[in-house]
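Take a look at the structure below.
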Amino acid sequence: MAVRTVLALLVLLLVWWVFGLEVEPGFVNAYTYTNLTIRGAENVSGVEGAYVDFVKRVGDGVVLMGLKPVEDRGDVVIKADNKSVRLPVRDFCRIDLKVGNMTWLIKAGAGGSCRDLKLYVNNTLLQGLNVSYVPRYAGMYAVVATNGVFYQKAAVVVIPNVTVVNNVFGEVLTIRLSPPPRAGVVSLGSLSRQAGEAVAFDTWLLGAGNYTLRVSFSGVTVARNVTILRAVPQVEVSYRGEYTYGEPVNVGIRVLVGKRGYGAGVVVEML
């Protein structure tokens, strides 16, 4: 038995010495991505039968590669330094990854037959395999379920929840974004502002009517309709309750539109 083991090791060493490539694991999972460690290679020149997720050189003769087979059977061929290795495609285990998209929170769940799964969002390990939370910023997030060797991934876009305050003509309209984009542009009609938790627009520069609000960030644009309501002018009159005969009657007149002073002519008659 020991002799057979030694012979098997010698054969493996001979194969590695002749062909110069060692790949772990020695197969590709059929329904997930597989993290491959390739030893004895400086540069990977080509891959047949798989979608390549990433290629990263981490040391002398060591290359990391993530890939997913095109078919659920057959082989994947990796070419490196004028050498090649053929890996069989096997239905080893499966990962189910479900995510919500285009909402104001991150919601994800992972499961399946691959053991020791963990869930990551933007390379941060989360507690548990089912999460739902509001992130600090809106934007693009990478969700990955993995056990270190096999993984599934999804891109999630978190959009801000939009609240409109003071949408009467004459007021300063405020757009509140939760969560806000880390960087972006908010546009309303012909006006644009840098995105943040609260963005203000002077309605006197727009006028009453219907507008399209656009929030652009991370290559994504979210649009919604915003109406600036017509304002009813208000007239404030200030005066004393009693006056002495012969003294001037001083009456203060102020016209407000959207809670702000508005220049208007007012005629006052004393009867």
Side-chain angles (χ1 to χ4, degrees), residues 28-36 51-54 56 64-69 72 91-167 173-188 193-201 211-227:
V28 175
N29 200 19
Y31 297 103
T32 70
Y33 289 88
T34 302
N35 279 321
L36 298 177
Y51 303 104
V52 177
D53 185 26
F54 70 90
K56 182 179 180 181
L64 302 181
M65 175 183 289
L67 52 73
K68 188 174 186 179
D72 58 4
D91 185 3
F92 184 77
C93 66
R94 304 192 182 193
I95 300 174
D96 300 319
L97 178 61
K98 297 180 180 179
V99 297
N101 198 23
M102 298 297 288
T103 67
W104 54 279
L105 51 76
I106 291 178
K107 188 174 184 179
S113 57
C114 292
R115 296 182 178 180
D116 301 323
L117 283 179
K118 295 180 181 180
L119 194 63
Y120 294 82
V121 173
N122 281 7
N123 297 321
T124 299
L125 176 63
L126 302 183
Q127 298 298 320
L129 296 178
N130 291 279
V131 297
S132 179
Y133 67 96
V134 179
R136 185 176 179 182
Y137 296 104
M140 190 79 69
Y141 289 83
V143 181
V144 177
T146 181
N147 63 359
V149 180
F150 310 113
Y151 67 98
Q152 289 284 37
K153 65 174 187 172
V156 174
V157 178
V158 175
I159 62 175
N161 189 26
V162 179
T163 303
V164 179
V165 182
N166 298 334
N167 64 323
L173 183 145
T174 301
I175 306 295
R176 293 176 180 168
L177 305 176
S178 178
R182 187 184 299 271
V185 176
V186 179
S187 60
L188 184 65
R193 302 285 188 270
Q194 290 296 316
E197 293 185 8
V199 182
F201 292 93
Y211 296 88
T212 299
L213 172 70
R214 291 183 173 87
V215 184
S216 301
F217 59 97
S218 302
V220 178
T221 297
V222 179
R224 62 165 290 180
N225 296 324
V226 172
T227 299

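Model, not experiment: these values are computed from the prediction. Just so you know, these numbers use all the heavy atoms, side chains as well, and skip hydrogens, waters and symmetry mates.
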Looking at [X] and [Y], what are the two nearest heavy atoms and their distance?
X: A145; Y: L97; value: CB-CD1, 4.2 Å
X: A223; Y: R214; value: CB-CG, 4.2 Å
X: V99; Y: A108; value: CG1-CB, 3.8 Å
X: S218; Y: G139; value: OG-CA, 3.8 Å
X: F217; Y: G184; value: CB-CA, 4.3 Å
X: F150; Y: N147; value: N-OD1, 2.9 Å

For N101, all residues meeting side-chain hydrogen bond (donor to acceptor under 3.5 Å, both in side chains), sequence neighbours excluded: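 Here no residue qualifies.
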Can you measure from [atom1] ([X]) to [atom2] ([Y]) and round to the nearest 0.5 angstrom?
X: D53; Y: K68; atom1: CG; atom2: NZ; answer: 10.0 Å
X: T212; Y: N225; atom1: OG1; atom2: CG; answer: 5.5 Å
X: S113; Y: D96; atom1: OG; atom2: CG; answer: 8.0 Å

Any side-chain heavy-atom pair of [X] and [Y] under 4.5 Å:
X: F54; Y: N35; answer: yes
X: V199; Y: T174; answer: no
X: L188; Y: L173; answer: yes
X: Y137; Y: V158; answer: no

Partner residues of F201 under the ring-ring contact (aromatic ring centres under 6.0 Å, His included) criterion, sequence neighbours left out: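 For F201, no residue satisfies ring-ring contact (aromatic ring centres under 6.0 Å, His included) once neighbours in sequence are set aside.
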For Y33, all residues meeting ring-ring contact (aromatic ring centres under 6.0 Å, His included), sequence neighbours excluded: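 Partners of Y33 by the ring-ring contact (aromatic ring centres under 6.0 Å, His included) criterion, ordered by chain and then number, come out as Y151.
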Partner set under side chain to side chain contact (heavy atoms under 4.5 Å, CB included) for T103, not counting sequence neighbours: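 Per chain and number, T103 pairs via side chain to side chain contact (heavy atoms under 4.5 Å, CB included) with L105.
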R193, CZ atom: more than 12 neighbouring heavy atoms under 6.0 Å: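 More than 12 heavy atoms, drawn from other residues, nucleotides or ligands, come within 6.0 Å of this atom.
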Any donor-acceptor N/O pair, [X] side chain to [Y] backbone, under 3.5 Å:
X: T32; Y: Q152; result: no
X: N29; Y: T34; result: no
X: R224; Y: V162; result: yes

V222 and its side-chain contact (heavy atoms from CB on, under 4.5 Å) partner, picked from L213, V157, I159: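 When side-chain contact (heavy atoms from CB on, under 4.5 Å) is applied between V222 and each of L213, V157, I159, only I159 qualifies.
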All N/O donor-acceptor pairs, side-chain side in residues 117-135, below 3.5 Å, sequence neighbours left out:
from: N122; atom 1: OD1; to: A142; atom 2: N; distance (Å): 2.8

By salt bridge (Lys or Arg N to Asp or Glu O under 4.0 Å) - contacts of D91 (at least two apart):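 So D91 forms a salt bridge (Lys or Arg N to Asp or Glu O under 4.0 Å) with R94.
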